[in-house]
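Encoded as structure tokens, the structure appears first; notes follow it.
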Amino acid sequence: MENSEFAKIFFEIAELLELKGENVFKMRAYQKAARNVENLPKSLEEIYKSGGIKALKEVPGIGESIAEHIEEIIKTGTFKKYKELLKEFPKDFVKLIEVPGIGPKTAIMLLKELKIDSMKKLEAAVKAGKLRELPGMGAKKEENIQKGIELKKKAHGRFLLPEAITYADIVVKALKKLKEVDQIVPAGSLRRWQETIGDIDILITSKKPEKIMRAFTTLPQVARVLSKGPTRSSVVMKNGMQADVRVMDPKSFGAALHYFTGNKQHNIQIREMAIKKGLKVSEYGIFRGSKQIGGKEEIDVFKSVGLPYIPPELRQGTDEIDCAKKGKLPELIELKDIRGDLQMHSKWSDGNNTIEEMAEYAKKLGYEYIAMTDHSKAVRVARGMNEKEVIKQIKEIDKINGKIKGIKVIKGIEVDILADGSLDLPDSILKELDVVVAAVHSRFKMPKAEMTKRIISAFNNKYVNLLSHPTGRVIGKRDPYEVDMEEIIKAAKDTGTYMEINAYPERLDLNDVHARMAKESGVLLSIDTDSHVDNQMDNIKYGVGTARRGWIEKKDVINTNPLEKLLKLLYAKR
DNA sequence: GCCGTTTTCGGCCCGACTGTTTTCAGTCG
């Protein structure tokens, strides 16, 4: 079973325990375990296979009893306590707490008093005005729940990073005009470069919060105000995205930025460390007793608990604090380290621009090289190239390289890995190219073992350099195909094949967790945009963001090398 | 349920906002 599936079960248990009114710390323990499992760069099954319960307990957040649950899941597919918990509530009842405004207490009251156990019954009861009659409820709360239901229906879940960034920019630009605004900076999951964003969080420092709040809640993009206070306000924007603004005094900026960046688990861990040192860390600062001893700068928070600065992308509440303590934080790759882009398409297949146009754009980005990797013939919809066209394109690229100055176009192909694991073009063609990117574009629904074998057999071809978008996912649209990622990574290592972080925002594939797995196995990566239009090369920042979340360093990425070194790496397998 | 350079038991982050309350519970981040 995949780690994400274990995580899902533990998250669900946390919800059920919360509804049951169990000890909140027990609930939180399951949440913590779930989150750590989700971000674990090694599969639980592997860990269990190699060291049993004892090895499982080494994972932060997993103790005796959760380790036993994991063992039971591995052996039987589920576990007893989980099945029992599920039986305690009606099947669709858990969904009620997903409605903004309904928490566990309200949900249980609704079940007990009004026999509401589904969204349908909830809607009917709201319409009939029955909620307002319950103790502690009133007309206003009923109305808020109704709005919450509408919001839940409309909100299509999470947003891709670029859309969230666009909206954050709108708010930032609009509020920056106010003279009362001192500093203004987006925080939250956006600052951590998470692949999808639930809401945007913006931190402002100012001595006059009221005016800022008025301006924020009356922006033309605001559809509804959820709450409005002197220091914090929440709104729903017209695209359905929630936005929170927090206004703080400048002397609290650093502590507030840390708090507002999260994630939650990370913050809790930092605050626990502070307590042990006799300090209190909150968004207002670092305090000894009632005296503020720091918090103007973000680094103060880390210093106060004896840690080096931890970059936002690493703040996932997993093992970053442990590693920071031991001085084992990575030196994360930066955007400026990228020297070229190794996957893109031109008019020769399904791209919008000519090779020259792509090269010119890359030059503007300061790149030393790009690789043209148009599709191969199997991808009919993308007008993939056959043998003759590849040879023709090679000659064309030679011509362009003779003409254009300051950048080198590397000859490449994105060759299809066919269903039987063979490649779409013969070796006699592949050997004429400098970089061969292999990818799966068909038969996504293959059984896991077969798909894994299919991909690995492509690695055994000595011309194949790079596996592109290794899981094929399209966020929110297409699930990843089933592959055994650990085996793929192992095979990549054994054959000297590289793996891609595809920077296309809907892909981000490898994702952060897989990227870290690859790194820890010693597999080198390439961060590419897979551009089909010249300006899509700007997407490289999302790939770098994902890489940073995956603890990737400059030395782990082949396209941080100068051209000559890169070519050596590309020819190393032949 | 987890965890331990104060602890193997007794802790477990901290604060804002709302709506319903007469001083706070519930929800959220």
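Note that these values count all heavy atoms, side chains included, but never hydrogens, waters or copies made by symmetry. First the proteins, then the strands, lettered A, B, ... as listed; each starts at 1.
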Query raised in the report: How long is the line joining CD1 of A:Ile200 and C1' of B:dG29, in whole Å?
Result: 15 Å
Query raised in the report: Quick one: A:Asn267 CG to B:dG29 C1', roughly how many Å, whole number?
Result: 10 Å
Report task. Could you tell me whether A:Lys42 and A:Glu520 have a side-chain N and a carboxylate O separated by less than 4.0 Å? Result -> no
Query raised in the report: Can you check whether A:Arg246 has a side-chain N or O nearer than 4.0 Å to OP1 or OP2 of B:dG29?
Result: no
Query raised in the report: Which nucleotide in the set B:dG29, B:dC28, B:dG1 lies at the smallest distance from any side-chain heavy atom of A:Asp244?
Result: B:dG29
Requested in this report: For A:Ser233, answer base if it contacts any base atom (sugar-phosphate contacts may also be present), sugar-phosphate if it contacts only those atoms, and nothing otherwise; contact means non-hydrogen atoms under 4.0 Å.
Outcome: nothing
Requested in this report: Quick one: label A:Gly101 by what it contacts on the DNA or RNA (base, sugar-phosphate, nothing), any heavy atom closer than 4.0 Å.
Outcome: sugar-phosphate
Query - Atom P, compared across B:dG10 and B:dG15: separation rounded to whole Å - result: 26 Å
Query raised in the report: If the C1' atom of B:dT6 is compared with that of B:dG11, how far apart are they to the nearest Å?
Result: 12 Å
**Report entry** Phosphate OP1/OP2 of B:dG15: any A:Thr231 side-chain N/O under 4.0 Å
**Finding:** no
**Report entry** Pairing residues for A:Asn539 by the side chain to side chain donor-acceptor pair (under 3.5 Å) criterion, not counting sequence neighbours
**Finding:** none
**Report entry** B:dA25 versus B:dT21 - spacing of their P atoms, nearest Å
**Finding:** 14 Å
**Report entry** Any A:Lys140 side-chain N or O less than 4.0 Å from OP1/OP2 of B:dG19
**Finding:** yes
Requested in this report: Look at all strands and tell whether A:Met137 reaches a base, only sugar-phosphate, or nothing, counting heavy atoms closer than 4.0 Å.
Outcome: sugar-phosphate
Query raised in the report: Should the pair A:Glu88-A:Lys81 be classified as a salt bridge under the 4.0 Å nitrogen-to-oxygen rule?
Result: no
Query raised in the report: Can you tell me how far P in B:dG19 sits from the matching atom in B:dC12, rounded to whole Å?
Result: 31 Å
Query raised in the report: Between A:Lys276 and A:Gly103, which has a closest nucleotide on DNA chain B that is more 5'?
Result: A:Lys276
Requested in this report: Rounded to the nearest angstrom, tell me the gap between atom CD in A:Glu142 and atom P in B:dG19.
Outcome: 14 Å
Query raised in the report: If only side-chain N and O atoms of A:Gln242 are considered, is one of them under 4.0 Å from the OP1 or OP2 phosphate oxygen of B:dG29?
Result: yes
Query raised in the report: Are A:Glu46 and A:Lys49 close enough for a salt bridge, meaning some N to O gap below 4.0 Å?
Result: yes
Query raised in the report: Nearest to the side chain of A:Arg232, which nucleotide is it out of B:dC13, B:dG19, B:dC17?
Result: B:dC17
Query raised in the report: If you look at every strand shown and take non-hydrogen atoms under 4.0 Å, does A:Lys81 touch a base, only sugar-phosphate, or nothing?
Result: sugar-phosphate
Query raised in the report: Rounded to the nearest Å, what distance is computed from the CD1 atom of residue A:Ile286 to the P atom of nucleotide B:dC14?
Result: 13 Å
Requested in this report: Just call it for A:Gln269: base, sugar-phosphate, or nothing, with non-hydrogen atoms closer than 4.0 Å on any strand.
Outcome: nothing
Report task. Would you indicate what A:Lys105 reaches in the nucleic acid, counting non-hydrogen atoms under 4.0 angstrom: base, sugar-phosphate, or nothing? Result -> sugar-phosphate
Report task. For nucleotides B:dT20 and B:dG26, find the distance between their P atoms and express it as a whole number of Å. Result -> 14 Å
Report task. Report which part of the nucleic acid A:Val24 touches: base, sugar-phosphate, or nothing (heavy-atom distance under 4.0 Å, all strands). Result -> nothing
Requested in this report: Remember a base hit wins even if backbone is also touched, and classify A:Ile275 as base, sugar-phosphate or nothing at under 4.0 Å, heavy atoms.
Outcome: sugar-phosphate
Query raised in the report: When rounded to the nearest Å, what value does the distance between C1' atoms of B:dC2 and B:dC13 take?
Result: 16 Å
Query raised in the report: Which is true for A:Lys228 with a 4.0 Å heavy-atom rule: it touches a base, it touches only sugar-phosphate, or it touches nothing?
Result: sugar-phosphate
Query raised in the report: Is a donor-acceptor pair below 3.5 Å formed from side chain A:Tyr284 to base B:dG15, judging by atom type as modelled?
Result: no
Report summary line: Of the listed B:dG26, B:dG1, B:dC17, the closest approach to the A:Ser227 side chain comes from B:dC17
Query raised in the report: Which residue lies toward the 5' end of DNA chain B, A:Ala139 or A:Ala107, if each is placed at its nearest nucleotide?
Result: A:Ala139
Query raised in the report: Is the shortest distance from a Lys or Arg side-chain nitrogen in A:Arg473 or A:Glu195 to a carboxylate oxygen in the other one below 4.0 Å?
Result: yes
Report task. Compare side-chain N and O positions of A:Lys280 against OP1 and OP2 of B:dG15 and report whether any pair is under 4.0 Å apart. Result -> yes
Query raised in the report: Please give, in whole Å, the distance from B:dC13 P to A:Gln31 CD?
Result: 12 Å
Query raised in the report: With sugar-phosphate meaning primed atoms plus P, OP1 and OP2, does A:Val99 contact a base, only sugar-phosphate, or nothing at under 4.0 Å between heavy atoms?
Result: sugar-phosphate
Query raised in the report: Side chain of A:Asn144, base of B:dG19: donor and acceptor closer than 3.5 Å?
Result: no
Query raised in the report: Is the phosphate of B:dT27, meaning OP1 or OP2, less than 4.0 Å from a side-chain N or O of A:Thr106?
Result: yes
Query raised in the report: Any side-chain heavy atom of A:Ile47 sitting closer than 4.5 Å to one from A:Ile70?
Result: no
Requested in this report: Output yes when A:Arg192 and A:Asp512 qualify as a salt bridge under the 4.0 Å nitrogen-oxygen rule, no when they do not.
Outcome: no
Query raised in the report: What is the glycosidic conformation of B:dT21: syn, defined as within 90° of 0, or anti?
Result: anti
Requested in this report: Round to a whole Å and report the spacing from CD1 of A:Ile268 to P of B:dC14.
Outcome: 10 Å
Report task. Whole angstrom is fine here: how far is it from CD1 in A:Ile270 over to P in B:dC14? Result -> 13 Å
Query raised in the report: Does a salt bridge link A:Glu143 with A:Lys147, judged by any charged N lying under 4.0 Å from a carboxylate O?
Result: yes
Query raised in the report: B:dC17 pairs with which nucleotide, Watson-Crick or G-U wobble, both distances below 3.5 Å?
Result: B:dG26
Query - A:Lys32 NZ - B:dC13 C1' separation (whole Å) - result: 12 Å
